[in-house]
Amino acid sequence: MTQKAPEFQTADLQAWAKAAAKSAPHGDVDALNWVTPDGISVKPLYTAEDTQALPYSNTLPGFEPYVRGPQATMYAVRPWTIRQYAGFSTAEESNAFYRKALAAGGQGVSVAFDLATHRGYDSDHPRVTGDVGKAGVAIDSVEDMKILFNEIPLDKVSVSMTMNGAVLPVLAGYVVAAEEQGVSQDKLSGTIQNDILKEFMVRNTYIYPPEPSMKIIGDIIEYTAKNMPKFNSISISGYHMQEAGANQALELAFTLADGKEYVKTAIAKGMDVDDFAGRLSFFWAVGMNFYLEVAKMRAARLLWCRIMKGFDAKKPKSLMLRTHSQTSGWSLTEQDPYNNVVRTTIEAMAAVFGGTQSLHTNSFDEAIALPTEFSSRIARNTQLIIQEETHITSVIDPWAGSYMMEKLTQDMADAAWAIIEEVEAMGGMTKAVDSGWAKLKIEAAAAQKQARIDSGKDVIVGVNKYKLKTEDAIEARDIDNVAVRDSQIARLNAIKQRRDAAHVQQALAAIESAAASGQGNLLELTINAMRARATVGEVSDAMEKSFGRHRADTQKVTGVYAAAYDSAEGWDKLKAEIADFATAQGRRPRVMIAKLGQDGHDRGAKVVSTAFADLGFDVDIGPLFQTPEECARQAIENDVHAVGVSTLAAGHKTLVPAIIAELKKQGADDIVVFVGGVIPRQDYDVLYEAGVKGIYGPGTPIPASAKDVLEQIKKALG
């Protein structure tokens, strides 16, 4: 006969605490607690007492509130979908990549578009000379879309498209390309991101102001609900929030609050919640905070079910949160890059344990460039190994019943819900975004995190601890931006010569009229225009005439980096050097932090601006999307000593030499130019030869770069 294990007694916990206190700092067992960036205190030991009051402890996967998974059998019957987010150069090259990935085990296509496309510009527009084909594939018309999906059966392969600004012409182009492939709209499956609120907070690939942007979202939800029943009309994205610096609680809260706003928008159009809610999906970042990522995804399902019940949703599919996930790009390091294979594997495990429905794993070289075929194969195989070698998929919810995970799930839900209530008190997420409050919350979290890394409090292996003496060079994909742009312009010209110009103008006029009046469905009208071979830029311009183009206010947080930096001796010494400079020169060193081209990823720019200001620099932040000419003019007018260009979208070889040439042309070649961000080492010599004085790649401590910039300014002044 098997003996029953003795029940745990409170006295046992007291005995453990007494024993643990002997080795705890200051004899205090509470000092063993780990306080997360979200403010959640994680204990070193959990017991049954921690889970006694949890309301969902006896639920099952596939049943409300879906904490344990949206499907009853989860991966035991069908594993998650393996997606590889990719797109680069031309539609031809991206198509070849997708077909190889599908043949090698990929199960869906996820399209990355270049920044010119995101911002609604055709490839021949003068503002996008450095952006065409960089960081994504260039798409100008249906002809590009047809090439992109050539020999990919769109009735069988689901397609995810990360597009928000130019969402109408891109989605319409996909629909028309499918039609001309012989696939009707009702057979299309996949997702369009279509999440504009997070663009105003973090990613900045918006085109129109918030109000008309929400009109576009409502039209897409309405049209797809009627005509594309298998297609997800929106992917409500927390991914870019975490990549911009949000902790897990902020990412969770802001994403669900965005979701509430989109539901309100669709209901305001007269739609019944159960007619569209089942096609809403989500998109999470999965970083290196392993336990919190698993808890975040479980808590997300709990809270979304609660939110949707508040809208009186009835259908189970309306109540369950389904999600795509992607491993972190920000956690990848340029230094000792093969460590990134391990990081991505750990993050993929967290996504799987959290219950994702599809997953993209980043490649180890993405801290410096677009992935190569070699690195992409490793990333894809990471998922295949988890699916097919580990038997992790055999158990539906392996974390169920874990004292720690169940309590941490509730703690995460409580932390996020408090933020959601704060947002609701402001009048909803649109107002929280419009005020700038949400963006500043994320930027403060980013500055705190960077300060903890730079001071060594948070360890990054190979970056601030266990560093290699020498780094081996790795192969990096390089895109010939000039050649791509030339080929796109040639195709654009050919399309415009062949098409019925009067038909195109009629279709564009209908879009312009609907944008002005608020009447009619903009997606339906855009599909008509794309059939006539209107371009992405022309459709975007037609709406811009009524909607206008959004211009963001530039703000920065102050004092946050300095407060979190935990290395006072070096910090104070550098501050003193900057103060001495101010005394000697009669003013403080002045720098302008700039973003050139259509690259809206401004985490690095904002963190550097905050840290430099905290050190004592005068800091100007240039508006997003400047041309080199505009940037040079502002730098001269503001009488700065240096311009720092933050680049994450691979346009540096075109745009940085252009600003140096422009400064020289305007007689200001004494202004120091330095560059930070994602820059392959193979490009360093090109930039130095152009006149760059300092290059600071990922992992460079900000105080080290600040000291170097100060020295370069001193040299320039003689």
Side-chain angles (χ1 to χ4, degrees), residues 87 91 94 111-125 127-128 131-132 136-149 159-180 185 188 190-196 199 205-208 212-213 215-224 227-228 231 233-234 488 491-492 495-496 499 503-515 520-550 598:
S94 295
V111 184
F113 298 93
D114 74 355
L115 290 167
T117 307
H118 273 288
R119 296 267 295 144
Y121 294 114
D122 286 335
S123 296
D124 58 359
H125 198 286
R127 297 194 73 87
V128 299
D131 299 299
V132 178
V137 61
I139 297 293
D140 293 317
S141 73
V142 167
E143 295 304 321
D144 290 329
M145 276 290 190
K146 289 172 68 176
I147 295 167
L148 188 67
F149 297 117
V159 174
S160 171
M161 293 180 286
T162 300
M163 178 53 63
N164 303 282
V167 63
L168 285 170
V170 166
L171 179 55
Y174 162 73
V175 168
V176 176
E179 286 177 354
E180 297 186 10
Q185 295 180 24
L188 294 174
T191 305
I192 186 79
Q193 193 165 99
N194 194 26
D195 175 6
I196 202 65
E199 296 296 329
T205 56
Y206 43 69
I207 301 176
Y208 315 112
S213 296
K215 150 73 174 165
I216 289 170
I217 285 173
D219 283 4
I220 291 172
I221 293 173
E222 180 182 52
Y223 184 91
T224 54
N227 301 285
M228 301 167 68
F231 198 83
S233 55
I234 192 165
Q488 289 298 121
R491 187 178 291 147
L492 269 169
I495 290 167
K496 290 178 179 179
R499 70 191 187 180
H503 187 190
V504 172
Q505 289 307 312
Q506 184 180 19
L508 292 173
I511 292 172
E512 184 181 341
S513 175
N521 187 286
L522 287 169
L523 177 55
E524 182 176 8
L525 294 169
T526 303
I527 290 172
N528 291 336
M530 298 304 281
R531 285 187 185 122
R533 289 332 189 241
T535 68
V536 168
E538 289 170 336
V539 170
S540 300
D541 288 347
M543 286 181 283
E544 187 179 337
K545 289 174 183 176
S546 295
F547 294 161
R549 189 170 275 265
H550 182 66
Q598 301 306 305

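Computation of the quantities below employed the complete heavy-atom set of this structure, encompassing side-chain atoms and omitting hydrogens, waters and symmetry-equivalent molecules. For the single chain, residues carry numbers from 1 onward in sequence order. Keep in mind it's a predicted model, so treat the numbers as computed, not measured.
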task = Report the residues that fulfil salt bridge (charged side-chain N to carboxylate O under 4.0 Å, His left out) with Arg491, sequence neighbours left out, ordered by chain and then residue number.
result =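 Partners of Arg491 under the salt bridge (charged side-chain N to carboxylate O under 4.0 Å, His left out) test: Glu92, Asp144.
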Closest contact, heavy atoms only, [X] versus [Y]:
X: Gly520; Y: Asp219; value: O-OD2, 3.6 Å
X: Ala529; Y: Ala507; value: CA-CB, 3.6 Å
X: Val137; Y: Thr117; value: O-OG1, 3.9 Å
X: Pro169; Y: Met530; value: O-CE, 3.5 Å
X: Val142; Y: Gly173; value: CG2-CA, 4.1 Å
X: Ser123; Y: Leu492; value: N-CD1, 4.0 Å

key: Check against side chain to side chain donor-acceptor pair (under 3.5 Å), Gln488 and Asp140   = CA-CA 8 Å; Gln488 289 298 121; Asp140 293 317; 2.9 Å; yes
With the side chain counted from C-beta on, respond yes when [X] and [Y] share a heavy-atom pair under 4.5 Å apart, and no when they do not.
X: His125; Y: Asp131; answer: no
X: Val504; Y: Lys496; answer: no
X: Leu522; Y: Met543; answer: yes
X: Tyr223; Y: Ile527; answer: yes
X: Ile216; Y: Leu168; answer: yes

From [atom1] ([X]) to [atom2] ([Y]), nearest 0.5 Å:
X: Ile511; Y: Ser540; atom1: CD1; atom2: OG; value: 9.0 Å
X: His118; Y: Phe113; atom1: NE2; atom2: CZ; value: 7.0 Å
X: Ile192; Y: Met163; atom1: CD1; atom2: CE; value: 7.0 Å
X: Asp195; Y: Ile217; atom1: CG; atom2: CD1; value: 6.5 Å
X: Ile147; Y: Met145; atom1: CD1; atom2: CE; value: 12.0 Å
X: Ser233; Y: Ile221; atom1: OG; atom2: CD1; value: 4.5 Å

query = Can you tell me if NE2 on His550 sees more than 12 non-hydrogen neighbours from other groups inside 6.0 Å?
reply =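 Enclosed.
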request  = Check whether more than 12 heavy atoms from other residues, nucleotides or ligands sit under 6.0 Å from atom CD of Glu180, and answer yes or no.
outcome  =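 Counting neighbours around CD of Glu180, more than 12 heavy atoms of other residues, nucleotides or ligands fall under 6.0 Å, so yes.
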Backbone of Thr205 reached by a side-chain donor or acceptor of Glu199 within 3.5 Å =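 Yes, the answer is positive, given that a donor and an acceptor are paired below the 3.5 Å cut-off.
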query = So, are Glu179 and Arg531 salt-bridged, with charged N and O less than 4.0 Å apart?
reply =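 A salt bridge is present here (some side-chain N lies under 4.0 Å from a carboxylate O).
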Verify the distance criterion only: is there a donor paired with an acceptor across the side chains of [X] and [Y] at less than 3.5 Å?
X: Asn164; Y: Gln193; value: yes
X: Thr535; Y: Asp122; value: yes
X: Asn227; Y: Gln185; value: no
X: Glu222; Y: Asn521; value: yes

request  = Take Val111 and Thr162 through the test side chain to side chain contact (heavy atoms under 4.5 Å, CB included) and record every step on the way to the result.
outcome  = CA-CA 6 Å; Val111 184; Thr162 300; over 6 Å; no
key: Option passing side chain to side chain contact (heavy atoms under 4.5 Å, CB included) with Met161 (candidates Asn194, Leu171, Thr191)   =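 For Met161, the side chain to side chain contact (heavy atoms under 4.5 Å, CB included) check succeeds only for Leu171.
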key: Geometric class of the Phe149/Tyr174 ring pair [parallel <30°, tilted 30-60°, perpendicular >60°]   =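 If you compare the ring of Tyr174 with that of Phe149, the planes turn out perpendicular.
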ask   = Is there any salt bridge (Lys or Arg N to Asp or Glu O under 4.0 Å) pair reaching into residues 504-513, and which pairs are they, with sequence neighbours excluded?
value =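 Qualifying pairs, neighbours excluded: Glu512-Lys545.
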request  = Would you kindly check if the NZ (Lys) or CZ (Arg) of Arg119 is within the cone defined by 45 degrees around the ring axis of Tyr208 and under 6.0 Å from the six-membered ring centre?
outcome  =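 No cation-pi geometry.
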